[in-house]
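Following: one structure in structure tokens, then a few remarks.
Below, chain A is the first sequence line, B the second, and so on; all start at residue 1.
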Amino acid sequence: MLAPMQPEMKLSLVNRFRALRETRFGAFVPVLLALAAIWLYFGLVLPLYDVATGVESEFRTVFLSPRNIYNLFMQSAVIAALAVGITVVLLLGDIDLSAAATAGVCAALLGVLVLSGIPGWLACLIVMAVGIVMGTVQGLLVAYVGIPSFVVTLAGLLGYQGLMQKILPTGNLNVDDPFVRGFARVLIPDLWGLALGVVCVGAFAYIVLRKQSQRRKLGLEQDSPLALWGSVVAFGAIVLAVILTLNAYRSLPLLLVLLVAITALLGWITTSTPFGRSLFAVGGNAESARRVGFKVQRIRAAAFGIVGLMAAIAGIFGASRYGSVSYTAFAGGSLLLEAIGAAVIGGTSLFGGRGSVWNAILGALVIGSLGNGLDLTGASAADKLMVSGAILLLAVAIDALSRADAGWR
Amino acid sequence: MATNFGLAGQSAPPAHLAVRGVHKSFGGVHALRGVDFEVARGEVMALVGDNGAGKSTLMKVLAGAYAADKGEFLLDGRHVSISNPNDAAALGIQIVYQDLALCENLDVAANLSLGTELVKPWRFLPRILRPLDDLQMEVKARAAIDKLEVRTLQSVRAKVGGLSGGQRQAIAIARAVGAESSVVMLDEPTAALGVAQTRQVLEVVKRLRETNHAIIYISHNMRDIFEVSDRISVLRHGVNVATWRTGDTNPDEIVVAMTRGLNDARADAA
Ligand SMILES: Nc1ncnc2c1ncn2[C@@H]1O[C@H](COP(=O)(O)OP(=O)(O)O)[C@@H](O)[C@H]1O
Ligand SMILES: [Mg+2]
């Protein structure tokens with residue numbers, strides 16, 4: 001026989017952990033655990049501690065209230081949109097430091113355009129095109145000129161920050177356009193939201209089960225029924241819990257529906273098309289991808305174009321949610337690091353070749369929950385920075401450890 | 001005793017793939033300096049030479065991974081051009097790289113179809129955005145693995161990063177054979193393998209000969225070469241030394257030709 005039976009499995013903790021992350025849904029486990037831990041801490045442990053020490057007379061969880069969850073999701077949405085985009089270049093093993101500045105330029109431009117009387121929908125389309133161009137230009141420099149993405153996008157970060165200041169000399173602009181504000185304001189009626197959730201869960205179950213029956217017909221190995229039904233039940237529980245919680249405060253906001261729809265589309269493109277396959281191939285072994293005939297340069301340029309588009313969308317979402325565009329909320333603030341942190345905390349590798357856009361959403365929730373929870377406990381900005389730094393470091397350490405060839409180097 | 005040298009000895013079978021006068025430089029390094037080479041169908045042509053002789057470079061030129069600076073390419077006597085991997089693949093030329101060139105982050109099935117992914121016929125989308133047909137790719141992978149009798153591989157959905165060296169070699173060979181190919185090039189396929197695994201690879205090579213492939217086999221191991229090859233071509237410092245029919249020569253002669261070239265060897269014999 002060509003090789004020994006089965007790769008030898010040294011079942012050390014690290015190896016087990018690696019094996020877990022290699023499975024399809026296993027990649028979600030670490031970030032979901034992190035999220036659960038944070039929610040437990042802020043939602044249960046802290047309030048109980050307050051009751052025990054007599055700070056509060058009765059148990060009250062502000063953090064897990066529907067109102068706070070609603071705000072938490074909306075706060076995380078802009079980070080999430082950006083993190084989803086950044087994930088695409090991280091898959092290649094590249095990075096985009098200019099994404100938040102791109103979002104800022106796009107938001108500022110959006111504000112100026114609607115102020116000058118251009119209809120909101122047209123302004124959004126223009127801004128999305130501008131975002132694509134801003135990303136693609138950097139991608140072309142990375143792919144065809146061969147400058148490392150770190151350098152190109154660092155230059156982009158500075159340049160676009162300057163550009164945003166030029167567009168917004170005052171550093172602030174209100175956005176009142178009803179179309180733009182609509183993304184954050186329009187709520188899906190409770191029943192419709194619930195119906196949408198049920199349809200999504202049904203579609204998920206249908207796809208999973210149909211795949212299983214096709215596998216049976218083709219004589220291919222099958223997933224264990226436990227894993228199959230487990231994923232359906234987990235997906236259903238999460239979707240319905242989220243919708244019911246949001247309904248309990250207001251309703252499902254259009255913004256979140258759009259975010260999930262866009263992420264689903266990008267998730268499909270990155271995992272289920274030749275283009276997506278090429279992203280993973282380039283990130284895993286660029287030389288190999290080149291040898292089998294993938295157009296590596298075009299793929300790079302396109303990936304940066306996608307980040308640009310997602311940055312523009314993040315800019316639109318931000319303008320819609322805040323009702324204003326400010327320099328500090330985008331280009332000059334912590335948005336970039338939060339978005340990269342979200343992608344990495346979600347489990348996308350900085351070394352390329354591993355990750356998913358869905359994980360970016362979960363990572364954004366982790367970042368958002370930390371900020372929100374610390375705010376509620378009255379932590380200072382200094383505390384927040386330090387905790388965020390520690391969490392990011394932890395995530396990157398986990399990433400490095402779960403690389404198959406990580407060793408003592 | 002290099003009696004029967006010269007590129008296409010009198011009784012050589014008609015060449016399937018032939019190249020003439022191939023040059024390739026990397027900056028200052030002139031890796032190939034006018035190399036002639038050929039291989040026939042149903043034949044295992046061994047390509048040997050010292051480290052740095054240019055064997056891998058010649059293979060990569062044939063596979064379109066490097067564009068030759070100069071040189072003619074003939075397939076069944078017809079002039080063809082090979083300037084990128086797609087050209088080579090379209091001509092049925094497949095290579096198993098020394099470094100295997102597998103994507104460790106992808107599973108076996110994905111690696112076997114890399115670059116030639118099967119997609120569903122959604123014609124309204126550009127090919128690059130059509131849905132992958134992963135189930136058919138798994139079926140294809142299963143068939144390719146079974147053909148090579150890699151019984152140890154449990155699942156074509158296992159990530160390549162977690163497999164053993166022998167399994168990776170088998171996957172790399174399966175990838176080359178799985179595609180529509182008439183020429184299969186193997187670059188030191190047994191270098192990292194143990195005795196039993198080497199045997200298996202040699203069996204696979206013989207099976208490829210039976211299926212009328214033209215096989216180019218690079219190796220340093222004289223035992224393997226004399227067991228599996230029909231002809232042996234020696235390369236030294238990027239130039240041809242000579243080509244022998246395996247039955248007409250012996251390991252000592254080949255080693256001398258590899259290390260000292262033919263003129264020196266003759267001078268020695270004289
Ligand atoms: N990508 C490359 N860049 C620069 N030099 C190279 C490259 N590939 C091979 N070479 C050089 O070309 C020569 C031939 O190398 P190679 O074909 O790998 O030899 P072999 O496979 O026979 O050991 C060597 O001197 C090597 O250093
Ligand atoms: Mg070599």
Quick check for you: among I95(B), N86(B), L114(B), which has the greatest number of heavy-atom pairs under 4.5 Å with chain A?
L114(B)

Looking only at G115(B), S113(B), G64(B), most heavy-atom pairs under 4.5 Å shared with chain A are made by G115(B)

Under 4.5 Å from a heavy atom of chain A, the part of [X] involved:
{"X": "L106(B)", "result": "side chain"}
{"X": "R199(B)", "result": "neither"}
{"X": "K60(B)", "result": "side chain"}
{"X": "E138(B)", "result": "both"}
{"X": "A110(B)", "result": "both"}
{"X": "D134(B)", "result": "side chain"}

Between [X] and chain B, which part of the residue has a heavy atom less than 4.5 Å away: side chain, backbone, both or neither?
{"X": "F280(A)", "answer": "both"}
{"X": "S278(A)", "answer": "neither"}
{"X": "E221(A)", "answer": "both"}
{"X": "K217(A)", "answer": "neither"}

How about [X] and [Y]: do any of their side-chain heavy atoms sit closer than 4.5 Å?
{"X": "V139(B)", "Y": "L220(A)", "value": "yes"}
{"X": "E117(B)", "Y": "V292(A)", "value": "no"}
{"X": "L102(B)", "Y": "S288(A)", "value": "no"}
{"X": "W268(A)", "Y": "P131(B)", "value": "yes"}
{"X": "L135(B)", "Y": "K211(A)", "value": "yes"}
{"X": "M137(B)", "Y": "R277(A)", "value": "yes"}

side-chain contact (heavy atoms from CB on, under 4.5 Å), that's the test. Do I128(B) and T273(A) meet it? Break it down for me.
CA-CA 6 Å; I128(B) 199 159; T273(A) 67; over 6 Å; no

Out of curiosity, S272(A) OG to K120(B) NZ, how far, rounded to the nearest 0.5 Å?
8.5 Å

To the nearest 0.5 Å, atom CG of N84(B) lies from atom CZ of R290(A) at 10.0 Å

Heavy-atom count around [X] [atom1] within 6.0 Å, excluding the residue itself: above 12?
{"X": "K70(B)", "atom1": "NZ", "result": "no"}
{"X": "Y206(A)", "atom1": "OH", "result": "no"}
{"X": "R127(B)", "atom1": "CZ", "result": "yes"}
{"X": "L226(A)", "atom1": "CG", "result": "no"}

Check A65(B) against R291(A) and note the closest heavy-atom contact, atom names and distance.
CB-CG, 4.3 Å

Locate the shortest heavy-atom distance separating C103(B) from N285(A); write the atom from each residue and the value.
SG-CB, 3.9 Å

Any chance you could lay out the salt bridge (Lys or Arg N to Asp or Glu O under 4.0 Å) test for D223(A) and R157(B), step after step, and finish with the verdict?
CA-CA 11 Å; D223(A) 295 307; R157(B) 287 202 279 166; 3.1 Å; yes

Just jot down the side chain to side chain contact (heavy atoms under 4.5 Å, CB included) partners of V145(A), sequence neighbours excluded, or say none.
L141(A), I147(A)

